[in-house]
There are 2 protein chains.
Amino acid sequence: MPTARDVAKQAGVSTSTVSRVMNHDPRISPETRDRVVKCIEDTGYRVNQIARSLKTNRSYTIGFLCPELSNDFFMKIAEGIEMELGKYGYSMVVCSSNGTIQGEEERIRLLYEKCIDGLIVIPATNSGSHYQWIKDLRIPVVLADRLAEGFSADAVLVDNFNGTYLAIEDRIRQGERRIGYIGGDLALTNARERDDGYRKALESYSIQIDDSIIKYGDFHTESGYSKMKELMQQENPPGCVFIANRYMHVGATKYLIENTAPSEKAVSIVSFDDLELVSSLGFCKVVVRQPTLEIGITAAKLLYDRVNGEILPYPQIIRLKTELHKI
Amino acid sequence: MPTARDVAKQAGVSTSTVSRVMNHDPRISPETRDRVVKCIEDTGYRVNQIARSLKTNRSYTIGFLCPELSNDFFMKIAEGIEMELGKYGYSMVVCSSNGTIQGEEERIRLLYEKCIDGLIVIPATNSGSHYQWIKDLRIPVVLADRLAEGFSADAVLVDNFNGTYLAIEDRIRQGERRIGYIGGDLALTNARERDDGYRKALESYSIQIDDSIIKYGDFHTESGYSKMKELMQQENPPGCVFIANRYMHVGATKYLIENTAPSEKAVSIVSFDDLELVSSLGFCKVVVRQPTLEIGITAAKLLYDRVNGEILPYPQIIRLKTELHKI
DNA sequence: CTGTTAGCGCGTTCAC
DNA sequence: GTGAACGCGCTAACAG
């Protein structure tokens, strides 16, 4: 591991000169620069970012905290973040909170000790007061996908309400009157907004809300399966079901495949987010698509601006548009 | 951001004492410790890991480099790594190589500058000579899922050959004689091993290899679709097809759903890795399951041992068992 | 048991 | 245009 000193010695200059060359300081003679550059290449010298960070107080590292890693949706967001911040030489420490507040607290402390320049988090629960701690330490925080109660901060979300509203409206216009609902945990703001969109759409068309065809899962596959089962086993099942996210959509579809005679396909599905395959299966008629990669990119841009002291109104709540996609 | 000095001043001790308290140095009087601990809590002091790293030459950070982030398989591995190394206070910088050597080179340099203690990589291509650079700099490297040519290192893989062999054998015993194959890019060692397993199984049962029903995709959904299409549009399509990974399995299944009359289900599928849904669809009869999370955990353990100078034969090539799962 | 000293590798004055 | 000197926050070596 050659250091600046090694390069300096070999080039017959001081370490400050090496530092200047590394940082493209203009007031350095071409000859010296060339000589130093050559020695840098010869020795294979690379700045030690740790040492640099200590001096400059910037780590060029940001944290990404989400409830779980093996989740396509979260990781698509991560991908967007990496794409965007990678351009500026940032790297990303990825942490899983395991869906708990304790997990989040632990990870946040860890990230703070690592001197991250900023943090992007997908809240695991509806509670966000513990984020305040790191924010007070002057680390910019950007929420993604969901808001958190008790914590006001920059956030990048999608238009859950309108997306859902339009999807339901579309089904109503197709003549559907009895539309069931499989939602997510209402503690999560995105789940709540989708819920609101569903109810508001029915209300707008003077359709009575029927609580017996409204079920709440946890955004995971199994709950999609079991909730769809509950719906279908009623004496008067809905003719169409809205499902609030992709994983529950998979589970619900699984139930339908296993329990529907090939001829009927009585039930249709409307869903937030689709998955491969699902569209070929014939159950799903309409999908609300969200710009997942964009969520990451936008959050990264926002964080970048905050880290670099860009003057923006606070907080920035950015809503990205969803898109109604008919299959 | 309070520092050790602040705590020291407040507790009326020196910074080394604070440091000792932080590091649980036993030779420190209970009274002093208590006083210092109290001041630590009062000030909200946390070690600056950057400064610590500079001194100790350990960052307690490892790198995880993989071809893409929005990939369930890779991220399941990442999850395993985080679970295991998180126990020891490590965090993980996640980078995407975008499937290219240049991407890998870039990221590796970045990670080196960040002074990672070790690196786990899922090779993007069959070429691995560029990993040598960081290994020569005394950073332990562990490969996951695939090997890379021109680079000998620790690796955690699954038993691709046997897994495939047994799956094919099972089908042969079920009376299947004409078994097609949709493989991955043979540049990847895991794809090659699965290929060998397929061929060897046919050979063992004296079944002639028929190149017209052997196709190669790229492990992504679209290629699964198009290769299955090619197979099915032949005059004499296979009655059973082995598919070498989950994403191609999804694509292939998609083709079958869209092009198979509900009554027939003429073709059956055997696959490496299943996905939700796929098992309910009736096409897939046998799946070779790999312990994905375990790959990550095992790679992390191995890396941990290397980082901590554990004496182990070099290189360690660990093969995890796959499991034949009938649906 | 605890304080003093030195230095990790770099960037940044401030001289020259 | 370049070098010497200092300090970022911490830990390790040596005293006492």
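Per chain, numbering begins at 1; letters A, B, ... match sequence-line order.
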### Query
Bend angle of the helix from C:dC1-D:dG16 to C:dC16-D:dG1 from five-pair axes at both ends, rounded to 10°?
40°

### Summary
Note: for A:K55 and B:Q49 on DNA chain D, the residue whose nearest nucleotide lies more 5' is A:K55

### Query
Could A:E149 and A:R192 be called an ion pair, given the rule that one side-chain N must be under 4.0 Å from one carboxylate O?
yes

### Query
Any side-chain N or O of B:R52 less than 4.0 Å from the OP1 or OP2 oxygen of D:dT11?
yes

### Between C:dC10 (P) and A:K9 (NZ): distance, integer Å
13 Å

### Task
Answer yes when B:D42 and B:K38 have at least one side-chain N-carboxylate O distance shorter than 4.0 Å, and no when they do not.
yes

### Query
Below 3.5 Å, does any donor atom in the side chain of B:R20 face an acceptor in the base of C:dG3, or the other way round?
yes

### Query
Donor-acceptor pair under 3.5 Å: do we get one between A:S16's side chain and the base of D:dA4?
yes

### Task
Would you please confirm or rule out a distance under 4.0 Å between OP1 or OP2 of D:dG1 and any side-chain N or O of A:T17?
no

### Message
Taking the nucleotide of DNA chain D with the nearest heavy atom to each, does A:T32 or B:R5 sit closer to the 5' end?
### Response
A:T32

### Query
Should A:N23 be listed as having a side-chain N or O under 4.0 Å from OP1 or OP2 of C:dG11?
yes

### Message
Taking donor-acceptor contacts at under 3.5 Å, does the side chain of B:S29 reach the base of C:dT2?
### Response
no

### Query
So does A:K87 pair up with A:E84, basic N to acidic O under 4.0 Å?
yes

### Task
List in chain and number order the residues that pass salt bridge (Lys or Arg N to Asp or Glu O under 4.0 Å) with A:K9, two or more places apart in sequence or in another chain; answer none if no residue qualifies.
none

### Query
Are any of the side-chain nitrogens in A:D25 or A:R27 under 4.0 Å away from the carboxylate oxygens of its partner?
yes

### Distance test, side-chain N/O of B:T15 to OP1/OP2 of D:dG9, below 4.0 Å
no

#### Entry: Of the listed nucleotides D:dC10, C:dC10, C:dT2, the one nearest the side chain of B:R27
C:dT2

